[in-house]
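Contents: one structure, followed by commentary.
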2 protein chains.
Amino acid sequence: MTGKQFSSVWLREPRKATSPGLSREEIVNAAVALLDEEGLAGLSMRKLGAKLQAGATSLYWHVSHKDELLELVYDQVWGEMSVPEPEEAGWREAASALARSMRIVMLRHPWSADLLGRMPALGPNALQIADRLRRIFISAGFQGIDVEYAGSALTAYIYGMTTPEVAWNTVMGERQYDADEMRAQVARVVKDFPGMLERINLDAYDDPQAIRETAFDFGLTSVLDGLERRLTT
Amino acid sequence: MTGKQFSSVWLREPRKATSPGLSREEIVNAAVALLDEEGLAGLSMRKLGAKLQAGATSLYWHVSHKDELLELVYDQVWGEMSVPEPEEAGWREAASALARSMRIVMLRHPWSADLLGRMPALGPNALQIADRLRRIFISAGFQGIDVEYAGSALTAYIYGMTTPEVAWNTVMGERQYDADEMRAQVARVVKDFPGMLERINLDAYDDPQAIRETAFDFGLTSVLDGLERRLTT
DNA sequence: ACCTGAACACCGTTCAAGT
DNA sequence: ACCTGAACACCGTTCAAGT
């Protein structure tokens, strides 16, 4: 309709990093802090302005709209991930490390789960990880476009798995629920599906932390095994 | 902080489905229509009220807040998915069908990608799919909590893969970009990573549709192979 | 039982104006 | 070059009041 042009902060020159006024770095750091404290819904241009002791609208000089700000903080998140050089560590080791690192960072910055997969990842940190990801599957022996397919499958698994975990933590963090009461409520709603009732008592509402980590590794091993199989056939 | 209680539309009795006034069904249908037209950001209580020829705040009688409305439309989406009975179709066939169906539905209702994995799925339709998912991996031979692990891995892959696809479509749908120009812009930003430059010309910006489907199937086969391997070791 | 309007406390963004 | 305040067009939600 409106004919909006494709745009990204990373496709235009940043404001000169000169001395006076707010720097991009200051803004991003304050934004990340605010996001960590109050979540994605808690980040408003007004609050961020206040945090920087500036007028709410001053930010629009450094950033053309809120989405650009989000692109900036998004890349900051990619910068927190650590992935070993695949040529040294071996591809499976590197892939596992990437997966676990991505999960940890998402759990540390719950709001990042809302950005992952929805926002162009063209920032320098994101590109660095993307390059390492590519080299992981190159060194595994994939060729041509399969390198990309394998990479997509891995990252899809990682954040597809971690997003619900983050959402769960967020809901649970706001109020400590009684495990038995939750079980009872879910049981009520699930009563028409007898097979699912048993399962409710299987998985512990009590220590989700450990279970979720096991679940993550279970799936990760499966994905890597499945990808490895593509190489031999 | 606020001590918010865990709550869900599905945990309390609905308003009586009596004759007068708005019905839950009317509301949900109108909401889905509005979402399809204008996306998640386009759904406001005010607009939905107007669409129903009602005051904006009338909705609060049927729904205690916007999140409950979203839970309702969310379950509607689950209702559009079709999964064969795993005991008849065989587990791999059923799993593939579920995956493809989920992807299609997400592409049809782009806003659903923003809800998946973030919202409790306790509605009747969601539970039905969850039950089928469970039976898929039961009939595959998984036992105990592994049934759940396998199910989580599969669904994580599906929406981890489809969410970026939906986001891409949304961005692209607003304006038709020139494929060559996009390539050039990405090339500029990626210039420090020589290995990635080649890749840009590999994957066609021209027919993403077909490529994305191939990518989806590639990863799906891998995930299923990897899960199958858990059974034999 | 169901709906209304006014009101409250917010949003992102634009823009003329200031220094 | 950088920042400001006022203003515009929105939000979700509450609540007293209506029928």
Side-chain angles (χ1 to χ4, degrees), chain A residues 1-5 7 9 12-28 30-31 34-35 37-73 111 114-115 119 174, chain B residues 1-5 7 9 12-28 30-31 34-35 37-73 111 114-115 119 174:
Chain A
M1 279 314 140
T2 29
K4 205 165 50 168
Q5 271 289 0
S7 68
V9 224
R12 47 182 197 81
E13 295 304 313
R15 294 289 179 194
K16 295 249 185 67
T18 42
S19 20
L22 295 171
S23 72
R24 181 173 273 195
E25 205 192 346
E26 276 179 288
I27 294 174
V28 173
L34 190 53
L35 284 163
E37 290 160 20
E38 309 199 24
L40 194 60
L43 174 71
S44 75
M45 301 304 264
R46 285 165 156 91
K47 279 194 214 163
L48 181 57
K51 189 156 199 150
L52 290 161
Q53 325 228 56
T57 55
S58 311
L59 299 165
Y60 283 89
W61 208 83
H62 301 89
V63 137
S64 61
H65 41 246
K66 197 185 179 184
D67 271 4
E68 281 201 0
L69 179 66
L70 291 177
E71 275 192 280
L72 257 19
V73 296
W111 46 272
D114 294 322
L115 268 28
M119 186 139 276
E174 290 168 3
Chain B
M1 273 320 138
T2 27
K4 204 165 50 169
Q5 271 290 359
S7 68
V9 225
R12 47 182 198 82
E13 294 305 313
R15 294 288 179 197
K16 293 249 185 68
T18 42
S19 21
L22 295 170
S23 71
R24 181 174 273 195
E25 205 192 346
E26 277 178 288
I27 294 174
V28 173
L34 191 53
L35 284 163
E37 291 160 20
E38 310 199 23
L40 194 60
L43 174 72
S44 74
M45 302 304 265
R46 284 164 157 93
K47 279 194 213 162
L48 181 57
K51 188 157 200 148
L52 290 161
Q53 325 227 56
T57 55
S58 310
L59 299 164
Y60 283 89
W61 206 81
H62 300 88
V63 136
S64 61
H65 42 246
K66 197 184 179 184
D67 271 5
E68 281 201 359
L69 178 66
L70 291 176
E71 276 191 280
L72 256 18
V73 296
W111 46 271
D114 294 323
L115 268 28
M119 187 140 273
E174 289 169 3

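Chain A is the first sequence line, chain B the second, and so forth, proteins listed ahead of strands; every chain is numbered from 1.
Every side chain to side chain donor-acceptor pair (under 3.5 Å) that A:Ser64 has, sequence neighbours left out, goes to A:Glu68. Residues forming a salt bridge (charged side-chain N to carboxylate O under 4.0 Å, His left out) with A:Glu38 (at least two apart in sequence, or on another chain): A:Lys47. Applying the salt bridge (charged side-chain N to carboxylate O under 4.0 Å, His left out) test to B:Glu25 and every residue at least two apart in sequence or in another chain returns nothing. For B:Glu26, there are no salt bridge (charged side-chain N to carboxylate O under 4.0 Å, His left out) partners two or more places apart in sequence or in a different chain.
Sequence neighbours left out, not one pair with a member in residues 55-64 of chain B passes salt bridge (Lys or Arg N to Asp or Glu O under 4.0 Å). Among pairs with a residue in residues 48-61 of chain A, those fulfilling salt bridge (Lys or Arg N to Asp or Glu O under 4.0 Å) read A:Glu37-A:Lys51, at least two apart in sequence or across chains.
Look at CG on A:Leu59: it is 13 Å from P on D:dG5, rounded to the nearest Å. One interatomic measurement links the two molecules: CD of A:Glu26 to C1' of D:dC2, which rounds to 13 Å at whole-angstrom precision.
Between the side chain of B:His62 and the main chain of B:Ile27, no donor-acceptor pair closer than 3.5 Å is present.
Phosphate proximity of D:dC3 to A:His62: present, with a side-chain N or O under 4.0 Å from OP1 or OP2.
Across all non-hydrogen atoms, the minimal contact from A:Ala30 to A:Leu52 is CB-CD2, 3.7 Å.
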Per-nucleotide protein contact string for nucleotides 8-19 of chain D, where B marks a base within reach and S marks sugar-phosphate only (heavy atoms under 4.0 Å, - for neither): ---BBBB-----
So what does the secondary structure string of DNA chain C come out as, 5' to 3', with Watson-Crick or wobble pairs under 3.5 angstrom, [ ] for crossing and | for pairs with another strand? ||.|||||...|||||.||
